[in-house]
Amino acid sequence: MEMREQWRSRWGFVLAAAGSAVGLGNLWGFAYRSSQGGGLAFLLLYVLVVLLVCLPVLVAEMVLGRTTKSSPFLAPIKIAGSSWTPLGILFTIASIGILSFYAVIMGWTADSFVHSLFIGLPADMEAASGFFNRISTGNSVFVGQIFSLGLTALIVSAGVRAGIERLTRWCMPLLFILLLALTFWSATLPGAWDGYKTFLLNWDPSQLLEKTTIKNAFNQAFFSLSLGIGIMVAYSSYLDGNNQLPKSALRIASFDTAVGLLAGMITFPIVLSYGLQGAISKSTVGALFIALPTGFANLGGLGRVFATLFFGLAFIAAITSSISLLEVPVSSLMDRLGWKREKAVWTSTLVVFLIGIPSAISINFLGTMDAIFNLILMLGGLFIAILLGWIVPKRFDEDLSRSNSEIKVRRYLRFMLRWVSPPAIAIGLYASLTDFFL
Ligand code: PHE
(Lines give C-alpha, C1' and ligand atoms only; values in the text may rest on other atoms or scores of the structure.)
Protein backbone atom coordinates (compact mmCIF):
# COMPACT_ATOMS: atom_id res chain seq x y z
CA MET A 1 0.00 0.00 0.00
CA GLU A 2 1.21 3.49 -0.81
CA MET A 3 1.26 6.17 1.88
CA ARG A 4 -1.98 8.10 2.10
CA GLU A 5 -1.56 11.59 0.67
CA GLN A 6 -2.14 14.71 2.76
CA TRP A 7 -3.08 18.27 1.95
CA ARG A 8 -0.14 20.61 1.87
CA SER A 9 -1.90 23.24 3.96
CA ARG A 10 -5.05 23.85 5.94
CA TRP A 11 -6.25 26.30 3.35
CA GLY A 12 -5.64 23.70 0.70
CA PHE A 13 -8.35 21.55 2.22
CA VAL A 14 -10.80 24.40 2.74
CA LEU A 15 -10.33 25.72 -0.79
CA ALA A 16 -10.69 22.30 -2.33
CA ALA A 17 -13.87 21.64 -0.35
CA ALA A 18 -15.23 25.08 -1.20
CA GLY A 19 -14.29 24.41 -4.82
CA SER A 20 -16.36 21.26 -4.73
CA ALA A 21 -19.30 23.10 -3.26
CA VAL A 22 -19.21 26.09 -5.59
CA GLY A 23 -20.15 24.95 -9.06
CA LEU A 24 -22.80 24.90 -11.73
CA GLY A 25 -25.31 24.29 -8.95
CA ASN A 26 -24.67 27.81 -7.69
CA LEU A 27 -24.69 29.44 -11.10
CA TRP A 28 -27.50 27.59 -12.90
CA GLY A 29 -29.26 25.70 -10.11
CA PHE A 30 -29.74 28.59 -7.76
CA ALA A 31 -31.11 30.80 -10.51
CA TYR A 32 -33.53 28.30 -11.95
CA ARG A 33 -34.78 27.06 -8.61
CA SER A 34 -35.31 30.51 -7.17
CA SER A 35 -37.15 31.51 -10.33
CA GLN A 36 -39.75 28.82 -9.77
CA GLY A 37 -41.80 31.29 -7.78
CA GLY A 38 -40.37 30.83 -4.28
CA GLY A 39 -38.67 34.22 -4.13
CA LEU A 40 -37.64 35.35 -0.68
CA ALA A 41 -39.40 32.34 0.89
CA PHE A 42 -37.13 30.02 -1.07
CA LEU A 43 -34.11 32.03 -0.03
CA LEU A 44 -35.08 31.96 3.62
CA LEU A 45 -35.77 28.23 3.63
CA TYR A 46 -32.55 27.56 1.78
CA VAL A 47 -30.46 29.50 4.31
CA LEU A 48 -32.24 27.80 7.21
CA VAL A 49 -31.68 24.36 5.71
CA VAL A 50 -27.99 25.13 5.17
CA LEU A 51 -27.44 26.45 8.68
CA LEU A 52 -29.61 24.14 10.76
CA VAL A 53 -29.73 20.90 8.81
CA CYS A 54 -26.74 20.73 6.50
CA LEU A 55 -23.98 22.25 8.58
CA PRO A 56 -24.06 19.51 11.25
CA VAL A 57 -24.19 16.85 8.52
CA LEU A 58 -21.25 18.50 6.77
CA VAL A 59 -19.18 18.29 9.95
CA ALA A 60 -20.29 14.68 10.43
CA GLU A 61 -19.26 13.78 6.90
CA MET A 62 -15.86 15.36 7.50
CA VAL A 63 -15.41 13.50 10.78
CA LEU A 64 -16.28 10.26 9.03
CA GLY A 65 -13.40 10.81 6.60
CA ARG A 66 -10.84 12.08 9.07
CA THR A 67 -11.38 9.59 11.84
CA THR A 68 -11.31 6.55 9.52
CA LYS A 69 -8.70 7.86 7.06
CA SER A 70 -10.57 5.85 4.48
CA SER A 71 -12.28 6.32 1.16
CA PRO A 72 -16.04 6.94 1.04
CA PHE A 73 -16.59 3.28 0.17
CA LEU A 74 -14.77 1.90 3.21
CA ALA A 75 -15.30 4.64 5.79
CA PRO A 76 -18.83 3.58 6.90
CA ILE A 77 -17.68 -0.04 7.21
CA LYS A 78 -14.62 0.91 9.23
CA ILE A 79 -16.58 2.97 11.66
CA ALA A 80 -19.67 0.81 12.10
CA GLY A 81 -19.13 -2.60 10.56
CA SER A 82 -20.12 -4.34 7.37
CA SER A 83 -23.84 -3.73 7.81
CA TRP A 84 -23.05 -0.19 6.64
CA THR A 85 -21.66 -1.34 3.30
CA PRO A 86 -24.74 -0.02 1.46
CA LEU A 87 -23.83 3.55 2.42
CA GLY A 88 -20.41 3.24 0.77
CA ILE A 89 -22.10 1.84 -2.31
CA LEU A 90 -24.61 4.69 -2.28
CA PHE A 91 -21.79 7.26 -2.18
CA THR A 92 -20.00 5.66 -5.10
CA ILE A 93 -23.07 5.28 -7.28
CA ALA A 94 -24.25 8.82 -6.53
CA SER A 95 -20.97 10.45 -7.44
CA ILE A 96 -20.68 8.51 -10.68
CA GLY A 97 -24.31 9.28 -11.51
CA ILE A 98 -24.03 13.00 -10.83
CA LEU A 99 -20.76 13.38 -12.69
CA SER A 100 -22.32 11.60 -15.68
CA PHE A 101 -24.79 14.43 -16.31
CA TYR A 102 -22.73 17.19 -14.74
CA ALA A 103 -20.10 16.67 -17.43
CA VAL A 104 -22.74 17.19 -20.11
CA ILE A 105 -23.73 20.58 -18.69
CA MET A 106 -20.04 21.42 -18.36
CA GLY A 107 -19.73 20.67 -22.04
CA TRP A 108 -22.52 23.14 -22.89
CA THR A 109 -20.74 25.68 -20.70
CA ALA A 110 -17.45 25.16 -22.50
CA ASP A 111 -19.23 25.49 -25.82
CA SER A 112 -20.89 28.74 -24.75
CA PHE A 113 -17.49 30.04 -23.69
CA VAL A 114 -15.97 29.26 -27.08
CA HIS A 115 -18.93 30.89 -28.81
CA SER A 116 -18.69 34.09 -26.79
CA LEU A 117 -14.98 34.31 -27.33
CA PHE A 118 -14.65 33.47 -31.02
CA ILE A 119 -17.99 33.48 -32.75
CA GLY A 120 -20.42 35.84 -31.07
CA LEU A 121 -23.77 35.41 -29.40
CA PRO A 122 -27.38 35.12 -30.59
CA ALA A 123 -29.13 38.50 -30.53
CA ASP A 124 -32.74 37.49 -29.95
CA MET A 125 -34.69 34.70 -28.37
CA GLU A 126 -35.29 32.85 -31.57
CA ALA A 127 -31.64 32.84 -32.50
CA ALA A 128 -30.87 31.88 -28.92
CA SER A 129 -33.11 28.84 -29.04
CA GLY A 130 -31.30 27.79 -32.19
CA PHE A 131 -28.01 28.41 -30.44
CA PHE A 132 -28.99 26.26 -27.49
CA ASN A 133 -30.23 23.57 -29.82
CA ARG A 134 -26.85 23.52 -31.49
CA ILE A 135 -24.84 23.27 -28.31
CA SER A 136 -27.14 20.73 -26.66
CA THR A 137 -27.73 18.28 -29.48
CA GLY A 138 -25.63 16.23 -31.85
CA ASN A 139 -21.93 15.60 -31.82
CA SER A 140 -20.88 18.84 -30.21
CA VAL A 141 -22.37 17.63 -26.92
CA PHE A 142 -20.04 14.66 -26.94
CA VAL A 143 -17.08 16.85 -27.75
CA GLY A 144 -17.88 19.05 -24.75
CA GLN A 145 -18.57 16.09 -22.48
CA ILE A 146 -15.38 14.26 -23.43
CA PHE A 147 -13.31 17.41 -23.12
CA SER A 148 -14.70 18.11 -19.64
CA LEU A 149 -14.28 14.55 -18.43
CA GLY A 150 -10.80 14.27 -19.92
CA LEU A 151 -9.63 17.44 -18.20
CA THR A 152 -11.18 16.28 -14.92
CA ALA A 153 -9.42 12.92 -15.22
CA LEU A 154 -6.05 14.53 -15.96
CA ILE A 155 -6.22 16.69 -12.86
CA VAL A 156 -7.39 13.88 -10.58
CA SER A 157 -4.73 11.54 -11.89
CA ALA A 158 -2.06 14.06 -10.85
CA GLY A 159 -3.08 13.37 -7.23
CA VAL A 160 -4.41 15.22 -4.22
CA ARG A 161 -1.61 17.76 -3.86
CA ALA A 162 -0.29 18.13 -7.36
CA GLY A 163 -3.72 17.96 -9.01
CA ILE A 164 -6.69 18.87 -6.84
CA GLU A 165 -4.99 21.22 -4.36
CA ARG A 166 -2.91 23.02 -6.94
CA LEU A 167 -5.89 23.67 -9.23
CA THR A 168 -8.22 24.91 -6.50
CA ARG A 169 -5.57 27.17 -4.98
CA TRP A 170 -5.43 29.11 -8.21
CA CYS A 171 -8.99 28.85 -9.33
CA MET A 172 -10.91 29.85 -6.23
CA PRO A 173 -9.46 33.37 -5.84
CA LEU A 174 -9.82 33.92 -9.58
CA LEU A 175 -13.40 32.78 -9.43
CA PHE A 176 -14.19 35.15 -6.63
CA ILE A 177 -12.69 38.15 -8.40
CA LEU A 178 -14.64 37.38 -11.58
CA LEU A 179 -17.79 36.95 -9.59
CA LEU A 180 -17.47 40.30 -7.86
CA ALA A 181 -16.65 42.07 -11.11
CA LEU A 182 -19.71 40.59 -12.79
CA THR A 183 -21.96 41.42 -9.82
CA PHE A 184 -20.95 45.08 -9.93
CA TRP A 185 -21.39 45.25 -13.66
CA SER A 186 -24.78 43.58 -13.48
CA ALA A 187 -25.93 46.05 -10.83
CA THR A 188 -25.48 48.85 -13.35
CA LEU A 189 -27.95 47.35 -15.82
CA PRO A 190 -31.28 49.15 -16.21
CA GLY A 191 -33.35 46.22 -14.95
CA ALA A 192 -31.11 45.42 -11.99
CA TRP A 193 -33.47 46.41 -9.22
CA ASP A 194 -36.45 44.78 -10.94
CA GLY A 195 -34.40 41.65 -11.31
CA TYR A 196 -33.63 41.42 -7.61
CA LYS A 197 -37.24 42.27 -6.74
CA THR A 198 -38.85 39.78 -9.08
CA PHE A 199 -36.76 36.78 -8.27
CA LEU A 200 -35.01 37.21 -4.96
CA LEU A 201 -37.02 39.63 -2.87
CA ASN A 202 -40.56 38.76 -3.82
CA TRP A 203 -42.21 37.87 -0.50
CA ASP A 204 -45.15 35.52 -0.39
CA PRO A 205 -45.35 33.73 2.97
CA SER A 206 -47.63 31.01 1.62
CA GLN A 207 -44.64 29.84 -0.42
CA LEU A 208 -43.00 28.71 2.82
CA LEU A 209 -45.41 25.78 2.90
CA GLU A 210 -45.41 25.11 -0.81
CA LYS A 211 -44.05 21.66 -1.64
CA THR A 212 -42.07 22.82 -4.64
CA THR A 213 -40.38 25.57 -2.65
CA ILE A 214 -39.48 23.20 0.19
CA LYS A 215 -38.15 20.66 -2.27
CA ASN A 216 -36.15 23.33 -4.06
CA ALA A 217 -34.61 24.61 -0.84
CA PHE A 218 -33.51 21.13 0.24
CA ASN A 219 -32.26 20.10 -3.18
CA GLN A 220 -30.35 23.31 -3.64
CA ALA A 221 -28.77 23.09 -0.20
CA PHE A 222 -27.59 19.48 -0.55
CA PHE A 223 -26.50 19.72 -4.16
CA SER A 224 -24.78 23.01 -3.70
CA LEU A 225 -22.82 21.88 -0.64
CA SER A 226 -21.82 18.59 -2.35
CA LEU A 227 -23.33 16.93 0.70
CA GLY A 228 -24.36 13.35 1.36
CA ILE A 229 -22.26 11.83 -1.36
CA GLY A 230 -18.93 11.08 0.28
CA ILE A 231 -16.91 13.91 -1.22
CA MET A 232 -16.27 15.46 2.15
CA VAL A 233 -15.33 11.99 3.42
CA ALA A 234 -12.73 11.64 0.67
CA TYR A 235 -11.31 15.13 1.11
CA SER A 236 -11.21 14.93 4.92
CA SER A 237 -9.44 11.59 4.84
CA TYR A 238 -6.38 13.50 3.60
CA LEU A 239 -6.40 15.75 6.69
CA ASP A 240 -4.25 15.56 9.77
CA GLY A 241 -5.81 15.90 13.22
CA ASN A 242 -5.46 19.65 13.70
CA ASN A 243 -8.11 21.14 11.50
CA GLN A 244 -11.08 22.55 13.39
CA LEU A 245 -13.76 20.99 11.26
CA PRO A 246 -16.74 23.04 12.51
CA LYS A 247 -14.92 26.23 11.57
CA SER A 248 -13.95 24.91 8.16
CA ALA A 249 -17.51 23.72 7.56
CA LEU A 250 -18.90 27.14 8.44
CA ARG A 251 -16.44 28.83 6.08
CA ILE A 252 -17.32 26.49 3.25
CA ALA A 253 -21.07 26.84 3.75
CA SER A 254 -20.91 30.65 4.00
CA PHE A 255 -18.78 30.95 0.92
CA ASP A 256 -21.03 28.63 -1.02
CA THR A 257 -24.17 30.50 -0.02
CA ALA A 258 -22.58 33.84 -0.85
CA VAL A 259 -21.67 32.61 -4.32
CA GLY A 260 -25.22 31.38 -4.91
CA LEU A 261 -26.60 34.78 -3.95
CA LEU A 262 -24.10 36.68 -6.04
CA ALA A 263 -24.85 34.42 -9.00
CA GLY A 264 -28.52 35.33 -8.64
CA MET A 265 -27.55 38.98 -8.49
CA ILE A 266 -25.69 38.54 -11.77
CA THR A 267 -28.25 36.57 -13.72
CA PHE A 268 -31.55 38.20 -12.76
CA PRO A 269 -30.69 41.77 -13.75
CA ILE A 270 -29.61 40.48 -17.16
CA VAL A 271 -32.84 38.56 -17.55
CA LEU A 272 -35.07 41.46 -16.50
CA SER A 273 -33.19 44.12 -18.42
CA TYR A 274 -33.84 42.34 -21.68
CA GLY A 275 -37.31 40.98 -20.99
CA LEU A 276 -36.24 37.35 -20.94
CA GLN A 277 -38.46 36.22 -18.05
CA GLY A 278 -40.38 33.99 -20.43
CA ALA A 279 -37.33 31.86 -21.08
CA ILE A 280 -36.39 31.65 -17.42
CA SER A 281 -39.76 30.66 -16.06
CA LYS A 282 -39.61 27.49 -18.11
CA SER A 283 -37.28 26.68 -15.27
CA THR A 284 -34.87 24.22 -16.70
CA VAL A 285 -31.12 24.51 -16.74
CA GLY A 286 -31.37 25.01 -20.47
CA ALA A 287 -33.44 28.17 -20.10
CA LEU A 288 -30.43 29.93 -18.66
CA PHE A 289 -28.30 28.92 -21.59
CA ILE A 290 -30.86 30.65 -23.78
CA ALA A 291 -31.61 33.74 -21.69
CA LEU A 292 -28.11 34.70 -20.63
CA PRO A 293 -26.39 34.67 -24.02
CA THR A 294 -29.25 36.76 -25.42
CA GLY A 295 -28.88 39.27 -22.63
CA PHE A 296 -25.14 39.53 -23.09
CA ALA A 297 -25.53 39.87 -26.86
CA ASN A 298 -27.79 42.89 -26.39
CA LEU A 299 -24.91 44.72 -24.81
CA GLY A 300 -22.75 44.66 -27.91
CA GLY A 301 -18.98 44.31 -27.71
CA LEU A 302 -18.82 44.80 -23.98
CA GLY A 303 -21.49 42.16 -23.56
CA ARG A 304 -19.30 39.69 -25.34
CA VAL A 305 -16.43 40.40 -23.02
CA PHE A 306 -18.65 39.84 -20.00
CA ALA A 307 -20.21 36.75 -21.55
CA THR A 308 -16.75 35.29 -22.05
CA LEU A 309 -15.87 36.08 -18.45
CA PHE A 310 -19.14 34.60 -17.19
CA PHE A 311 -18.86 31.31 -19.05
CA GLY A 312 -15.17 31.10 -18.18
CA LEU A 313 -16.08 31.56 -14.55
CA ALA A 314 -18.78 28.90 -14.80
CA PHE A 315 -16.36 26.41 -16.30
CA ILE A 316 -13.76 27.05 -13.61
CA ALA A 317 -16.43 26.61 -10.94
CA ALA A 318 -17.51 23.38 -12.61
CA ILE A 319 -14.09 21.79 -12.90
CA THR A 320 -13.30 22.28 -9.21
CA SER A 321 -16.55 20.38 -8.55
CA SER A 322 -16.14 17.64 -11.13
CA ILE A 323 -12.72 16.66 -9.77
CA SER A 324 -14.27 16.15 -6.36
CA LEU A 325 -16.96 13.93 -7.83
CA LEU A 326 -14.39 11.79 -9.59
CA GLU A 327 -12.27 11.51 -6.47
CA VAL A 328 -15.02 9.45 -4.77
CA PRO A 329 -14.88 6.37 -7.03
CA VAL A 330 -11.15 6.83 -7.59
CA SER A 331 -10.20 6.85 -3.91
CA SER A 332 -12.63 4.00 -3.30
CA LEU A 333 -11.08 1.82 -5.99
CA MET A 334 -7.57 2.58 -4.73
CA ASP A 335 -8.59 1.80 -1.19
CA ARG A 336 -10.74 -1.26 -1.77
CA LEU A 337 -8.89 -2.96 -4.61
CA GLY A 338 -5.42 -1.52 -4.17
CA TRP A 339 -5.43 -0.03 -7.66
CA LYS A 340 -2.97 2.64 -8.74
CA ARG A 341 -4.46 6.14 -9.05
CA GLU A 342 -4.05 6.24 -12.84
CA LYS A 343 -5.89 3.00 -13.41
CA ALA A 344 -8.66 3.99 -11.01
CA VAL A 345 -9.04 7.38 -12.70
CA TRP A 346 -9.33 6.17 -16.26
CA THR A 347 -11.57 3.24 -15.44
CA SER A 348 -13.95 5.46 -13.48
CA THR A 349 -13.92 8.09 -16.21
CA LEU A 350 -14.86 5.54 -18.83
CA VAL A 351 -17.77 4.30 -16.72
CA VAL A 352 -18.94 7.88 -16.11
CA PHE A 353 -18.78 8.62 -19.81
CA LEU A 354 -20.84 5.57 -20.77
CA ILE A 355 -23.48 6.27 -18.15
CA GLY A 356 -23.59 9.88 -19.33
CA ILE A 357 -24.44 9.05 -22.94
CA PRO A 358 -28.25 9.07 -22.46
CA SER A 359 -27.99 12.47 -20.70
CA ALA A 360 -25.91 13.79 -23.56
CA ILE A 361 -28.58 12.71 -26.02
CA SER A 362 -31.71 13.75 -24.15
CA ILE A 363 -32.25 16.78 -21.93
CA ASN A 364 -35.31 15.13 -20.45
CA PHE A 365 -33.21 12.20 -19.36
CA LEU A 366 -30.69 14.62 -17.87
CA GLY A 367 -33.48 16.30 -15.90
CA THR A 368 -34.66 12.96 -14.54
CA MET A 369 -31.13 12.02 -13.49
CA ASP A 370 -30.85 15.38 -11.72
CA ALA A 371 -34.11 14.78 -9.83
CA ILE A 372 -33.22 11.22 -8.85
CA PHE A 373 -29.74 12.02 -7.63
CA ASN A 374 -30.94 14.99 -5.65
CA LEU A 375 -33.05 12.52 -3.71
CA ILE A 376 -30.08 10.24 -3.22
CA LEU A 377 -27.98 13.08 -1.80
CA MET A 378 -30.59 13.68 0.86
CA LEU A 379 -30.78 9.98 1.61
CA GLY A 380 -26.99 9.90 1.99
CA GLY A 381 -27.20 12.91 4.32
CA LEU A 382 -29.87 11.20 6.39
CA PHE A 383 -27.73 8.09 6.84
CA ILE A 384 -24.65 10.14 7.75
CA ALA A 385 -26.66 11.95 10.43
CA ILE A 386 -27.95 8.64 11.82
CA LEU A 387 -24.52 7.03 11.66
CA LEU A 388 -22.60 9.74 13.51
CA GLY A 389 -25.45 11.05 15.62
CA TRP A 390 -26.90 7.75 16.83
CA ILE A 391 -24.68 4.78 16.01
CA VAL A 392 -21.21 6.07 16.82
CA PRO A 393 -21.75 9.45 18.56
CA LYS A 394 -18.63 8.87 20.66
CA ARG A 395 -16.40 8.81 17.61
CA PHE A 396 -17.93 12.08 16.48
CA ASP A 397 -17.26 13.73 19.81
CA GLU A 398 -13.78 12.27 20.27
CA ASP A 399 -12.60 13.35 16.87
CA LEU A 400 -13.79 16.90 17.41
CA SER A 401 -12.42 17.17 20.92
CA ARG A 402 -9.03 15.92 19.78
CA SER A 403 -8.82 18.86 17.41
CA ASN A 404 -9.80 21.26 20.21
CA SER A 405 -13.32 22.13 19.18
CA GLU A 406 -15.09 23.72 22.11
CA ILE A 407 -17.48 21.65 24.15
CA LYS A 408 -20.32 24.09 23.44
CA VAL A 409 -19.89 23.64 19.72
CA ARG A 410 -19.69 19.87 20.04
CA ARG A 411 -22.83 19.69 22.13
CA TYR A 412 -24.72 21.90 19.77
CA LEU A 413 -23.66 19.88 16.73
CA ARG A 414 -24.49 16.59 18.33
CA PHE A 415 -27.89 17.79 19.36
CA MET A 416 -28.66 19.04 15.85
CA LEU A 417 -27.31 15.88 14.27
CA ARG A 418 -29.54 13.70 16.41
CA TRP A 419 -32.74 15.66 16.76
CA VAL A 420 -32.95 18.20 14.00
CA SER A 421 -31.21 16.97 10.85
CA PRO A 422 -32.88 13.53 10.53
CA PRO A 423 -36.50 14.65 10.84
CA ALA A 424 -35.87 17.75 8.73
CA ILE A 425 -34.23 15.71 5.98
CA ALA A 426 -37.17 13.31 6.15
CA ILE A 427 -39.48 16.26 5.44
CA GLY A 428 -37.28 17.32 2.52
CA LEU A 429 -37.32 13.78 1.17
CA TYR A 430 -41.07 13.57 1.51
CA ALA A 431 -41.57 16.87 -0.32
CA SER A 432 -39.21 15.79 -3.10
CA LEU A 433 -40.70 12.34 -3.49
CA THR A 434 -44.27 13.52 -3.66
CA ASP A 435 -43.28 16.31 -6.01
CA PHE A 436 -41.47 13.80 -8.21
CA PHE A 437 -44.21 11.20 -8.42
CA LEU A 438 -47.43 13.16 -8.02
N1 PHE B 1 -21.77 21.36 -5.50
C2 PHE B 1 -21.57 21.32 -6.91
C3 PHE B 1 -22.29 22.48 -7.55
O4 PHE B 1 -22.93 23.25 -6.88
C5 PHE B 1 -22.04 20.09 -7.58
C6 PHE B 1 -21.87 18.86 -6.85
C7 PHE B 1 -22.96 18.19 -6.35
C8 PHE B 1 -20.63 18.38 -6.63
C9 PHE B 1 -22.82 17.07 -5.64
C10 PHE B 1 -20.46 17.25 -5.92
C11 PHE B 1 -21.58 16.61 -5.41
O12 PHE B 1 -22.24 22.61 -8.72
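Fair warning: this is a prediction, and the values are worked out from it, not measured in the lab. In each ligand, atom 1 is the first atom listed, and ligand 1 is the first ligand listed.
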Which of S95, S226, S20 passes side-chain hydrogen bond (donor to acceptor under 3.5 Å, both in side chains) with S324? Answer is S20

Heavy atoms, side chains only, cut-off 4.5 Å: are R341 and V330 in contact? yes

Can you find an N or O of A21 that's nearer than 3.5 Å to an N or O of ligand 1? yes

Under 4.0 Å from any heavy atom of N26, which atoms of ligand 1 are there? 4 (O)

Determine whether the side chains of R66 and S403 contain a donor N or O and an acceptor N or O closer than 3.5 Å. yes

Counting only N and O atoms by type, is there a donor-acceptor contact under 3.5 Å from the side chain of S362 to the main-chain atoms of P358? no

L325 side chain near V352 side chain, heavy-atom distance below 4.5 Å: no

Any N or O of S324 that comes nearer than 3.5 Å to an N or O of ligand 1? no

For ligand 1, which is the ligand I care about here, please tell me if L325 has any N or O atom under 3.5 Å from one of the ligand's N or O atoms. no

I231 neighbourhood, listing ligand 1 atoms whose heavy-atom distance to it stays under 4.0 Å: 10 (C), 11 (C)

Testing F396, F383, W419 for ring-ring contact (aromatic ring centres under 6.0 Å, His included) with W390, which one passes? W419

Does L24 reach ligand 1 with a nitrogen or oxygen that is under 3.5 Å from one of the ligand's nitrogen or oxygen atoms? yes

As an exercise, state the distance from OG1 of T308 to CZ of F118, rounded to the nearest 0.5 Å. 9.0 Å

Please list, in number order, the atoms of ligand 1 under 4.0 Å from a heavy atom of F223. 1 (N), 2 (C), 3 (C), 4 (O), 5 (C), 6 (C), 7 (C), 9 (C), 12 (O)

For the residue pair S237 / R4, report whether a side-chain donor-acceptor contact shorter than 3.5 Å exists. yes

Output the list of atoms in ligand 1 that are nearer than 4.0 Å to some heavy atom of S321, sorted by atom number. 2 (C)

Hey, which of F223, F199, F268, Y46 is the one that makes ring-ring contact (aromatic ring centres under 6.0 Å, His included) with F30? Y46

May I ask you to identify the nearest protein heavy atom to atom 8 (C) of ligand 1, giving residue, atom name and distance to one decimal place in Å? S226 OG, 3.3 Å

Between ligand 1 and I98, is the shortest N or O to N or O distance under 3.5 Å? no

State the atoms of ligand 1, each with its element, that fall below the 4.0 Å cut-off from a heavy-atom position in G25. 3 (C), 4 (O), 12 (O)

Quick one: which ligand 1 atoms are inside 4.0 Å of a heavy atom on S224? 1 (N), 4 (O)

Non-hydrogen atom of F373 closer than 4.0 Å to ligand 1: no

